[in-house]
There are 2 protein chains.
Amino acid sequence: MNEIVDKPYFFKFNVAVDCIIFGFDDEGLKLLLYKRNFEPEIGKWSLMGGFLSPEESLDKAASRVLAKITGLKNIFLEQFHTYGDVNRDTGARVISAAYYALIKISDFSQSMIDEFGAQWWPVNDYPELVFDHGVMVESALETLRSKAKNEPIGFELLPRFFTITQLRNLYEAIYQRTFDPGNFRKKILSMKLLDRLPIKDKTGSKKGAFLYEFNQNRYERFKSQGFLFEL
Amino acid sequence: MNEIVDKPYFFKFNVAVDCIIFGFDDEGLKLLLYKRNFEPEIGKWSLMGGFLSPEESLDKAASRVLAKITGLKNIFLEQFHTYGDVNRDTGARVISAAYYALIKISDFSQSMIDEFGAQWWPVNDYPELVFDHGVMVESALETLRSKAKNEPIGFELLPRFFTITQLRNLYEAIYQRTFDPGNFRKKILSMKLLDRLPIKDKTGSKKGAFLYEFNQNRYERFKSQGFLFEL
DNA sequence: GCAAAAGTGTTGCTTCTACACCCATGG
DNA sequence: CCATGGGTGTAGAAGCAACACTTTTGC
């Protein structure tokens, strides 16, 4: 806080958080939306959100909202922009801090979907959203794309154990382009961040593909030595 | 805005904007700070900030604060994070949206410095700041560094006409490393984004160095064709 | 003429890209 | 046995880093 000539502590505002929740499965990159069950804009599709409480930080509020809808804790959750246009919310003036979350879709319980009328939507084909939530989603996608370039956040969207092909499919979904399978494999393995398990996954091919696990500790170590993740 | 189970429109908060203002001259990358002339924390060094008004957006509020302190309009100004910890401000609970601005230090009028008790500080050596402003500065620096990698925002910090050496000095200041003069020149010129003027600047050397101008239109065109700026 | 910055050229190395090709196996 | 995805190898192109070398000119 701060001021120069203004009168401080005078006007106050509603403050909310909204969460863009991303997931990934064999159909591609998805987005969790729900149908509003209250006014304004009741019945329309919307992001998950909630109002800030006096005794919690913005980050806490976002975690709370995310935990309520997904039942999950310790999820990748990062603030990316705060929306403050005067008429962005048709009900009242609300300043909204937007967060994006990356979850392992397999960890997600279907019960929450039913309880809140939530549903996964492809990021390329989701319904019209209330207020400026469409803008938020597009901006979150851009943030995700740009972040994924230089930080290994893609693994947040995959199960703990995955094949190189699954990983490539994920990056192809994020960047909306294809990668040469051989070159992709060589590049990611050359980073020495993936540990190969002595187990093959046979669901994707007859031959079977080795499962790998991302080694977070090794990444931290390499990073502190100047290594830069890049894909 | 949005909610799930909470009571909406109940608690309200002070909302502010804070600006991290960067400039660049032959001494390096600088930061504009001022001495607070009001409570709390009067007399301490602080970022420029101001409270949000009911009839203005966050972006507008940030522009207003920036214009007030610098007298400048149409400046590069971008929101990068919103700070919302409960006790971040010792005076009252304030949610603050932080913006960073890039200005051409030569355009900046000294009168503002005097009027507000403002002062330029090297980004490597600035005084202790109030509240979480130090955190904001470091985060703004990180954002600047990461943004500068893939977008030609460095030119916002240079005069309209500049030499390749000035440009290199700027990037060396941003990234805190050196670049080989020959290689840097070849790389930036190979992008075909700089127009050479038939004028030499003699202040930096006896031989004189050609002045260049960044061609924003050409950049937009290249970008729309898939070109990616990278330095 | 010498120092010092501007600017060009060269060379060897690394990385990228495209694509050929072998492997393993369920059906 | 063959189609399919898994996985390895390779050759040419492109990019990069280090550094030699040439140009210009004020002192």
Completion exercise
note: Arg185(B), atom CZ; dG7(C), atom P; distance rounded to Å ~ 4 Å
Exercise for the section: Calculate the interatomic distance between Ile188(B) atom CD1 and dC16(D) atom P; express it in whole Å. Expected result: 12 Å
Practice task
With DNA chain D as reference, determine whether Gly208(A) or Asn183(A) sits nearer its 5' end, using the nearest nucleotide of each.
Solution key: Gly208(A)
Exercise for the section: May I ask you to say what Lys202(A) touches in the nucleic acid, namely base, sugar-phosphate or nothing, with a heavy-atom cut-off under 4.0 Å? Expected result: sugar-phosphate
Handout entry: Rounded distance in Å - CD (Gln166(A)) to P (dG5(D))
Key = 14 Å
Problem - Pi-cation contact, Tyr83(A) with Arg88(A) (under 6.0 Å, within 45°) - result: no
Exercise for the section: Measure from NZ on Lys200(A) to P on dC23(C) and round the result to the nearest Å. Expected result: 13 Å
Handout entry: Separation of dA18(D) P from Lys187(B) NZ (nearest whole Å)
Key = 13 Å
Handout entry: Aromatic ring proximity Phe155(A)/Phe162(A), centre distance under 6.0 Å
Key = yes
Exercise for the section: Check every strand shown and say whether Thr165(B) touches a base, only sugar-phosphate, or nothing at a heavy-atom separation below 4.0 Å. Expected result: sugar-phosphate
Exercise for the section: Classify the ring geometry between His133(B) and Phe131(B) as parallel (under 30°), tilted (30 to 60°) or perpendicular (over 60°). Expected result: perpendicular
Problem - Any donor-acceptor N or O pair under 3.5 Å, side chains Asp59(B), Ser57(B) - result: no
Practice task
Could you state the atom-to-atom distance from NZ of Lys206(B) to P of dG7(C) in whole Å?
Solution key: 16 Å
Practice task
Provide, to the nearest angstrom, the distance between the CG atom belonging to Asp26(B) and the C1' atom belonging to dA5(C).
Solution key: 16 Å
Practice task
Could you tell me whether Lys186(B) contacts a base, only the sugar-phosphate backbone, or nothing, with contacts defined as non-hydrogen atoms closer than 4.0 Å?
Solution key: base
Practice task
Starting at atom CZ of Phe179(A), determine the distance to atom P of dT17(C), rounded to an integer number of angstrom.
Solution key: 9 Å
Handout entry: Polar side-chain contact Lys207(B)-dA6(C) base: donor and acceptor under 3.5 Å
Key = yes
Handout entry: Contact check, side chains of Leu141(B) and Glu138(B), non-hydrogen atoms, under 4.5 Å
Key = yes
Problem - Side chain of Arg168(B) - closest among dC16(C), dA6(C), dC19(C) - result: dA6(C)
